[in-house]
Amino acid sequence: MSKHYWLFKSEPTAYSFADLMDEPKQTAEWDGVRNYQARNFLRDEIKEGDYVLFYHSNAKPTGVVGTAVVVRNGYPDHTAWDPNSEHPDPKSSPEKPIWYMVDIRGQVELEKTVTLAEMRSTPSLENCSIFTRPRLSVHPITYEEWDIILKMGSPLFKTI
DNA sequence: GCCAACGTTGGC
DNA sequence: GCCAACGTTGGC
């Protein structure tokens with residue numbers, strides 16, 4: 001059972017990495033995903049103990065800002081059948097859930113944001129899912145990509 | 001099952 | 001605010 005690596009996108013005006021770190025136990029439900037491909041990852045593949053890069057989209061600048069770890073496997077997203085939630089879906093119900101979420105716990109804020117522009121100009125990241133599948137909000141990434149991005153965001157660590 | 005229209009994401 | 005790239009919807 002090897003760990004897998006993921007990149008989760010969030011608009012910081014909606015939910016930022018700082019918001020996650022302000023939660024009790026730095027833990028939150030990753031709710032509101034309403035895309036089938038991302039849903040499949042959340043429901044079937046993302047497991048407790050997997051690592052997550054937290055990415056800010058529609059930000060200045062956009063990029064990876066921190067890390068998190070998955071603390072609960074996929075389970076039905078109850079906000080879908082709450083008409084007062086931000087992403088209601090009347091087709092989903094407790095009996096027949098459509099959408100899923102995991103819980104994540106914030107770990108470390110990067111020393112510096114690894115911007116999308118920096119990642120785009122890094123040849124070893126050219127096959128990264130964020131470039132090959134634009135607009136997806138949950139991406140699988142490789143260990144190599146995880147490692148490269150973390151080092152880009154940790155210049156002090158890198159020089160030790 | 002095809003595909004046009006429409007909606008959303010998200011970089012710029 | 002613009003718009004490219006996709007995903008979804010619904011008529012046929």
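All values reported here derive from a predicted model rather than from experimental measurement. So you know, we letter chains A, B, ... as the sequences are listed, proteins then strands, and number each from 1. The basis for the numbers below is simple: all heavy atoms, side chains too, and nothing from hydrogens, waters or symmetry mates.
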*Are there more than 12 heavy atoms of other residues, nucleotides or ligands under 6.0 Å from atom OH of A/Tyr100?*
yes
[X] side-chain proximity, nearest of [options]:
| X | options | result |
| --- | --- | --- |
| A/Asn35 | C/dA5, B/dG10, C/dG7 | C/dG7 |
| A/Ser57 | B/dG10, C/dC6, C/dT8 | B/dG10 |
| A/Pro134 | B/dG11, C/dA5, C/dT9 | C/dA5 |
| A/Leu116 | B/dG7, B/dG11, C/dT8 | B/dG11 |

_Whether A/Phe54 and A/His56 hold their rings parallel, tilted or perpendicular, with breakpoints at 30° and 60°_ = perpendicular
Measure the distance from [atom1] on [X] to [atom2] on [N] and round it to the nearest whole Å.
| X | N | atom1 | atom2 | value |
| --- | --- | --- | --- | --- |
| A/His56 | B/dC12 | NE2 | C1' | 19 Å |
| A/Arg133 | C/dG7 | CZ | C1' | 14 Å |
| A/Gln37 | C/dG7 | CD | P | 7 Å |
| A/Tyr36 | B/dT9 | OH | P | 14 Å |
| A/Arg135 | C/dT8 | CZ | P | 9 Å |
| A/Phe131 | B/dG11 | CZ | P | 10 Å |
| A/Glu86 | B/dT8 | CD | C1' | 16 Å |
| A/His87 | B/dT8 | NE2 | P | 11 Å |

_Distance-only side-chain donor-acceptor flag, A/Asp103 / A/Trp30, under 3.5 Å_ = no
_Could you tell me if A/Arg72 sits above the aromatic ring of A/Tyr75, with its cationic atom closer than 6.0 Å to the ring centre and no more than 45 degrees from the axis?_
yes
*Scan A/Arg120 against the nucleic acid and name what it touches under 4.0 Å (heavy atoms): base, sugar-phosphate only, or nothing.*
sugar-phosphate
*Taking only the side-chain nitrogens and oxygens of A/Tyr55, find out if one of them lies under 4.0 Å from OP1 or OP2 of B/dG11.*
yes
*Is the shortest side-chain N/O distance from A/Lys9 to OP1 or OP2 of B/dG10 below 4.0 Å?*
yes
*Which residue lies more 5' along DNA chain C, comparing A/Asn58 with A/Thr132 via nearest heavy atoms*: A/Asn58
*asked:* Is there a side-chain contact (heavy atoms from CB on, under 4.5 Å) between A/Lys91 and A/Ile98? Walk through the geometry before answering.
replied: CA-CA 8 Å; A/Lys91 294 191 294 297; A/Ile98 297 174; 3.7 Å; yes
